[in-house]
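Comments concern the structure below.
Because only heavy atoms are used, hydrogens play no part in the values below, and waters and symmetry mates are left out as well, while side chains stay in. Labels below follow one simple rule: chain letters A, B, ... track the order of the sequence lines, proteins then strands, and each chain is numbered from 1.
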There are 2 protein chains.
Amino acid sequence: MTRVTPRTRRSEALSRERIVEAAIELLDTVGEDRLTFKVLTERLATGAGAIYWHVANKGELLDAATEAVIAAALTIEPAGSPRADIHAVALALFEAIDEHPWLATQLALQLSRSPSGTVTPRIFESIGRRVSALDVPESTLFTASSALMHYILGAAGQNAANARFLGPDGDRAEFLAAASKAWEALDPEEYPFTRAIAAQMRDHDDREQFLAGIDLILTGIRS
Amino acid sequence: MTRVTPRTRRSEALSRERIVEAAIELLDTVGEDRLTFKVLTERLATGAGAIYWHVANKGELLDAATEAVIAAALTIEPAGSPRADIHAVALALFEAIDEHPWLATQLALQLSRSPSGTVTPRIFESIGRRVSALDVPESTLFTASSALMHYILGAAGQNAANARFLGPDGDRAEFLAAASKAWEALDPEEYPFTRAIAAQMRDHDDREQFLAGIDLILTGIRS
DNA sequence: ACCTGAACACCGTTCAAGT
DNA sequence: ACCTGAACACCGTTCAAGT
């Protein structure tokens, strides 16, 4: 059992920011499906109604947590070339999702709720603006930016999932070896491809692989 | 209120397949967050315990539903060229997700649970095998296939989200016009890019745009 | 072996009552 | 205006009891 110690002198008043902050901490430590109002009220040493005074419901709270982390991640210094800028945005998102694996689920949910919410539009804008700086025909801007965004969020989420599965003190090399072995053990009839590239899994650098994907798409964009 | 009429003479025995089938129907009609054991038992004219005899828990049921639909979608005739084959797989997934929008959420969740489950590996295999048929250096196979997979699932999910938002009898052109207008109304300081491409939104074909993204990545792969 | 359905534990949300 | 916390509605899961 993870003990949830009240972090709070109830002298400081409750506020939306303090609630969101506590939510992020709990998401990071106990995980998304253990973030309940019970745990949250204990941590904040308050009652459920107090939280509802500042936040409409749990969904809004999760959105706010996502927004706060992503907004911070997207604050990036210009890096010189458009390609370097895109790498910077991609890596910033990669790191954010790596540090807060619950972001992967949360962003996926936001995307599938479509035009509501402000986080995914912000990500799209952030990527698209840098793509515009490459000079590509205007007609491909939307496609190019979407392709990049989906790859970034998908691959980063995948990486976070692996890391989460591994746990904070797992041996990465060991995990990769095990995964690679599991792939090699697959049915040759059903999984010829996955088996064939199992060896590649064993020793690859996550970030390097990730950026290679970015460059692959950038190459496609420039043609 | 959507009435859930029992579809079942309880003469036919319950089975895992019939439960999964009913779950898919309900996911399609009432939506994922209204699929409860209450609704499911009513539809199947049975008790909760009966379902638990055939299925371990709700998660397993959702996985089985996802697996059934995706497996059917991935049954594809060879189409001649590798590019045409990849288009066929991509479109099949696009259509499946369009018809069953809950797949987007479900696949995203499966991806973020990583090495467990068999659906996403199957999708990866299905794509990767066709990518192998392009002749690209072996070292880029993993990156290329991941990029394609994440784009396909992400973009298809996005499309399904729009369609879902629109509703079954909404006017697509009207929706696009409204979305385009909403984009144009964004703050020019914060959203210059999104504003700039708002016009593109207005008249585009979803599938065409989607396949353009596929080709963009394929171009990157071949370089 | 397969099914019934009441009971249980838990969760998000509300709201009358307090300060 | 802001907070308390008991009460409510709902949900997934269990399990003793039936066939």
Side-chain angles (χ1 to χ4, degrees), chain A residues 1-4 6-24 26-27 29-66 102 105-106 109-110 113 116, chain B residues 1-4 6-24 26-27 29-66 102 105-106 109-110 113 116:
Chain A
M1 270 297 287
T2 318
R3 275 289 231 93
V4 179
R7 277 282 170 82
T8 312
R9 322 262 142 156
R10 283 297 285 94
S11 44
E12 329 158 33
L14 211 51
S15 69
R16 192 181 156 96
E17 295 86 63
R18 288 213 21 252
I19 295 171
V20 171
E21 194 189 322
I24 293 172
L26 287 168
L27 285 164
T29 51
V30 306
E32 43 195 331
D33 32 49
R34 279 203 173 83
L35 173 64
T36 64
F37 274 83
K38 184 165 181 297
V39 172
L40 194 55
T41 50
E42 279 165 10
R43 174 62 149 272
L44 290 167
T46 183
I51 292 173
Y52 279 92
W53 179 259
H54 296 277
V55 161
N57 52 42
K58 193 178 182 184
E60 192 185 294
L61 178 57
L62 290 172
D63 285 353
T66 305
W102 49 272
T105 317
Q106 214 50 41
L109 288 179
Q110 288 229 14
R113 264 184 280 131
S116 72
Chain B
M1 269 296 289
T2 316
R3 276 288 234 88
V4 179
R7 277 280 171 82
T8 314
R9 325 259 140 158
R10 283 297 286 94
S11 45
E12 329 158 32
L14 212 52
S15 69
R16 191 181 157 96
E17 296 87 61
R18 289 215 19 254
I19 295 171
V20 171
E21 195 188 322
I24 293 172
L26 287 168
L27 286 165
T29 50
V30 305
E32 44 196 331
D33 33 47
R34 278 201 172 86
L35 172 64
T36 65
F37 274 82
K38 184 166 181 297
V39 171
L40 194 55
T41 50
E42 278 164 11
R43 172 62 149 271
L44 290 167
T46 183
I51 292 173
Y52 279 92
W53 179 259
H54 297 278
V55 160
N57 52 43
K58 193 178 181 182
E60 192 184 295
L61 177 57
L62 291 172
D63 285 354
T66 306
W102 48 272
T105 318
Q106 215 48 42
L109 288 178
Q110 287 228 14
R113 265 185 278 131
S116 72

To the nearest angstrom, the CZ-P distance between F37(B) and dG5(C) comes to 17 Å

Heavy-atom nearest pair, V55(B) first then E60(B), reads CA-OE2, 3.9 Å

Rounded to whole Å, the CG-P distance (N57(B) to dC11(D)) equals 17 Å

Whole-Å distance, L14(A) CG to dA1(D) P, equals 17 Å

Do E32(A) and T105(A) get their side chains close enough for a donor-acceptor pair, meaning under 3.5 Å? yes

Q) Quick one: is dA1(C) close enough that its OP1 or OP2 comes under 4.0 Å of any side-chain N or O from H54(B)? A) no

Between CD1 of I19(A) and C1' of dC3(D) the distance, given in whole Å, is 11 Å

Sorted by position of nearest nucleotide on DNA chain C, 5' first, the leading residue of A56(A) and G49(B) is G49(B)

A correct dot-bracket answer for DNA chain C, with pairs being Watson-Crick or G-U at under 3.5 Å, [ ] for crossing pairs and | for inter-strand pairs, is ||.|||||...|||||.||

Under 4.0 Å, counting only non-hydrogen atoms across every strand here, what does L35(B) touch: a base, just sugar-phosphate, or nothing?
sugar-phosphate

Please state whether the phosphate of dC3(C), meaning OP1 or OP2, lies under 4.0 angstrom from any side-chain nitrogen or oxygen of W53(B). no

The nucleotide from dT4(C), dC11(C), dC3(D) with an atom nearest the side chain of K38(A) is dC11(C)

When rounded to the nearest 0.5 Å, the distance separating CH2 of W102(A) from CG of L35(A) is 9.5 Å

Residues L14(A) and A50(A): closest non-hydrogen pair is CD2-CB, 3.7 Å

**Q.** Close side-chain approach of L44(B) and R18(B), heavy atoms under 4.5 Å
**A.** yes

Taking it one step at a time, do L62(B) and L109(B) satisfy side chain to side chain contact (heavy atoms under 4.5 Å, CB included)?
CA-CA 11 Å; L62(B) 291 172; L109(B) 288 178; over 6 Å; no

R18(A) atom CZ is separated from dC3(D) atom P, nearest whole Å, by 9 Å

If you apply the rule side chain to side chain contact (heavy atoms under 4.5 Å, CB included), what do you find for D63(A) with R113(A), and how did you get there? CA-CA 12 Å; D63(A) 285 353; R113(A) 264 184 280 131; 3.5 Å; yes

Closest of dC3(D), dG12(C), dT14(C) to the A48(A) side chain is dT14(C)

I51(A) atom CD1 is separated from dC15(C) atom P, nearest whole Å, by 18 Å

Separation of dG12(C) atom P from K58(A) atom NZ, nearest Å, is 4 Å

Y52(A) atom OH is separated from dA1(D) atom P, nearest whole Å, by 21 Å

